[in-house]
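Every chain is numbered from 1, with letters handed out A, B, ... down the list of sequences. Values below: all heavy atoms of this structure, side chains included; hydrogens, waters and symmetry mates excluded.
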2 protein chains.
Amino acid sequence: MVDYSSMKDTAERLFALEPAGMAAEDDGWQKRKSAQTRLAILDAAIDCLAEFGYSRTTTQLIAQKANISRGAMIHHYATKQDLIDSVIDYTFYKRLEGLSERVRQLSEYQRVVEQAGIEEYWNMLLTPAYQAYLELAIAARTDEELRATFLPKARRFDQIWGAEIAGIFPEWSDKREKLQLATDFCIAAMEGLALNRTIWEQRSRRQAVRRVVSLAILMVRDDDLGDKVLAGL
Amino acid sequence: MVDYSSMKDTAERLFALEPAGMAAEDDGWQKRKSAQTRLAILDAAIDCLAEFGYSRTTTQLIAQKANISRGAMIHHYATKQDLIDSVIDYTFYKRLEGLSERVRQLSEYQRVVEQAGIEEYWNMLLTPAYQAYLELAIAARTDEELRATFLPKARRFDQIWGAEIAGIFPEWSDKREKLQLATDFCIAAMEGLALNRTIWEQRSRRQAVRRVVSLAILMVRDDDLGDKVLAGL
DNA sequence: GGAAAAAAACAGACAAGCCGGTATTTTTAG
DNA sequence: CTAAAAATACCGGCTTGTCTGTTTTTTTCC
């Protein structure tokens, strides 16, 4: 038996994360056009962040990449801060939505035995959406104003993320604490690996680290590694 | 028997990493003053990077924090790029030098059984030197000019780092491949944990991840986890 | 139903502020 | 005295936010 929440489709479950200002089908032409432009701006912003980094992502550049005038962009997002705030939500949404869909398409064998979800997570870390997120996360460490909006969003996303992961990996359903541990561990190790991937040139080196992560997670789930760790807290 | 390289003192072994333009004791007053000023600038730059991030670290701010005029700074580092290049080296030097000294002060029991080196590595990740390094590493991903100088330095540092680690942890002396694997794994997991530490509020959560890392490394060294991973490449 | 009014979407120009680099002047050590 | 070190003044370029003007869509009112 699968619980109800995992039966709704991704878009509906993740409604809480969806970008603001999106239009419904029965809205007028103007509203839909507006929503479309806003999405184009958000996508352009993600591309710019991923390609040029936080410091060189200017409003002019975003407008240019979105194929609209800067004036038009200012109409939708009055200040750069307003835009960035929306981009933060959008990176969360895109990352989780993309990963969730891909993992749900895996067979049970791929997911449970081959741990293919870990490779999917790795692939997600290579998307512009994650690169953009990383830029914002790093900038938020030293920019008070940005941190003030980023941190609450990140923590809320962490909650939603946990619930979504639980729905995607039902084989952990009676080991919620271990799943949390495995998830945190996987996120940390994989994001750290992504940080160093251009420095560690040999593919085998990066692959070896992922194998350790994969085996360690198996041991958290099936052996006593998880119990050992959780008992000592 | 300890090999010769680990008997030299840290400063000498890490000479290859030492900041350029440093003075010897028999140099004249002016040269020593100059070296002192350069160090003050580098330290100020690290502090600025750690406190304000890459984008808001201006030459004016660095000079201000170093208590010198901007003109004086320009005299020592003609362009911002020159300064940043030196700061990259300096962050590598400070991180490795600090960590090496601390780990060498651990008892054999603390190091081999308690895996205290992992905690020392974690502490290193909280220093301004690492925060500054992270800013530069992230900026180098999207800034071609910066990447052109950063990547070679980072790869060279990776080599030196590996040799230094081998000297610090002699209990791995007959398992060089496993040590490399464990080091890479540790770096990835810990840096990823550092990335998420402000988002994961509960201390127990972060502690649990570190326990998994610690136990996994033990299993690479003493059990067959390392063999399993390395065999499959 | 249709014209007028309001609102929204879009475009371009302008100004203040900041940053990095250059040139010039002043100070200080040898 | 002279050469390095340090301080000051200045310039060009870029970025953000504001302002004005134009076009298009929606609403209102007769």
Side-chain angles (χ1 to χ4, degrees), chain A residues 20-42 44-45 48-49 51-87 135 139 142-143 145-146, chain B residues 20-24 26-42 44-45 48-49 51-87 135 139 142-143 145-146 149:
Chain A
M22 294 301 102
E25 277 145 29
D26 56 344
D27 281 331
W29 196 87
Q30 211 170 36
K31 224 169 197 166
R32 272 184 297 158
K33 180 72 193 298
S34 173
Q36 181 183 324
T37 303
R38 291 169 80 93
L39 261 191
I41 294 173
L42 294 179
C48 286
L49 284 169
E51 188 174 349
F52 304 108
Y54 183 75
S55 63
R56 298 194 307 168
T57 292
T58 66
T59 54
Q60 199 164 15
L61 206 60
I62 297 173
Q64 195 174 315
K65 188 147 260 183
N67 272 99
I68 59 172
S69 71
R70 210 174 80 91
M73 198 178 82
I74 262 61
H75 173 74
H76 290 285
Y77 298 99
T79 70
K80 190 176 185 181
Q81 186 70 35
D82 287 342
L83 171 57
I84 294 295
D85 287 356
S86 290
V87 174
E135 290 289 334
T142 53
D143 187 317
E145 198 177 356
L146 184 56
Chain B
M22 294 300 102
D26 56 346
D27 281 331
W29 194 90
Q30 233 173 16
K31 217 163 201 173
R32 274 184 294 156
K33 179 70 194 297
S34 173
Q36 183 182 324
T37 304
R38 290 170 80 93
L39 261 192
I41 293 173
L42 293 179
C48 285
L49 283 169
E51 187 175 350
F52 303 109
Y54 183 75
S55 63
R56 297 194 308 170
T57 291
T58 67
T59 54
Q60 198 165 19
L61 208 59
I62 297 173
Q64 195 174 314
K65 189 146 260 183
N67 272 101
I68 58 173
S69 73
R70 208 171 78 90
M73 198 177 83
I74 262 61
H75 175 72
H76 290 284
Y77 297 99
T79 71
K80 190 177 185 180
Q81 186 70 34
D82 288 341
L83 172 57
I84 294 295
D85 287 356
S86 290
V87 173
E135 290 288 334
T142 54
D143 186 318
E145 199 177 355
L146 183 56
T149 60

Euclidean distance, atom [atom1] of residue [X] to atom [atom2] of [N] [Å, nearest integer]:
X: A:Tyr77; N: D:dT16; atom1: OH; atom2: P; result: 16 Å
X: B:Gln81; N: C:dT22; atom1: CD; atom2: P; result: 13 Å
X: B:Ile74; N: C:dC19; atom1: CD1; atom2: P; result: 13 Å
X: A:Ile68; N: C:dC10; atom1: CD1; atom2: P; result: 7 Å
X: A:Arg38; N: C:dC10; atom1: CZ; atom2: C1'; result: 15 Å
X: A:Arg56; N: D:dT16; atom1: CZ; atom2: P; result: 13 Å
X: A:Ile41; N: C:dC10; atom1: CD1; atom2: C1'; result: 11 Å
X: B:His75; N: D:dA9; atom1: NE2; atom2: C1'; result: 19 Å

For B:Thr59 and B:Arg70, which I'm curious about, is there any donor-acceptor pair between the side chains at under 3.5 Å? yes
Heavy atoms from C-beta onward define the side chain here; which of [options] lies closest to that of [X]?
X: B:Gln60; options: C:dA8, C:dC19, D:dA6; result: C:dC19
X: B:Thr58; options: C:dG20, C:dC10, D:dA6; result: C:dG20
X: B:Arg70; options: D:dT8, C:dG21, C:dG12; result: C:dG21
X: B:His76; options: D:dA6, C:dT22, D:dT18; result: D:dA6

Quick check against the 3.5 Å criterion: does A:Arg38 have a side-chain atom that pairs as donor or acceptor with the backbone of A:Tyr77? no
Is the shortest side-chain N to carboxylate O distance from B:Glu51 to B:Lys65 below 4.0 Å? yes
Compare every heavy atom of A:Gly53 with every heavy atom of A:Thr57, then report the nearest pair and how far apart it is. OG1-O, 2.6 Å
The reported gap from CG in B:Leu83 to OG1 in B:Thr79 (rounded to nearest 0.5 angstrom) is 8.5 Å
Phosphate contact (C:dG20 OP1 or OP2) by B:Thr59 side-chain N/O below 4.0 Å: yes
Does A:Thr37 make a side-chain N or O approach to OP1 or OP2 of C:dC10 shorter than 4.0 Å? yes
Hey, which of these two, A:Gly71 or B:Gly71, hits DNA chain D nearer its 5' end, going by closest nucleotide? B:Gly71
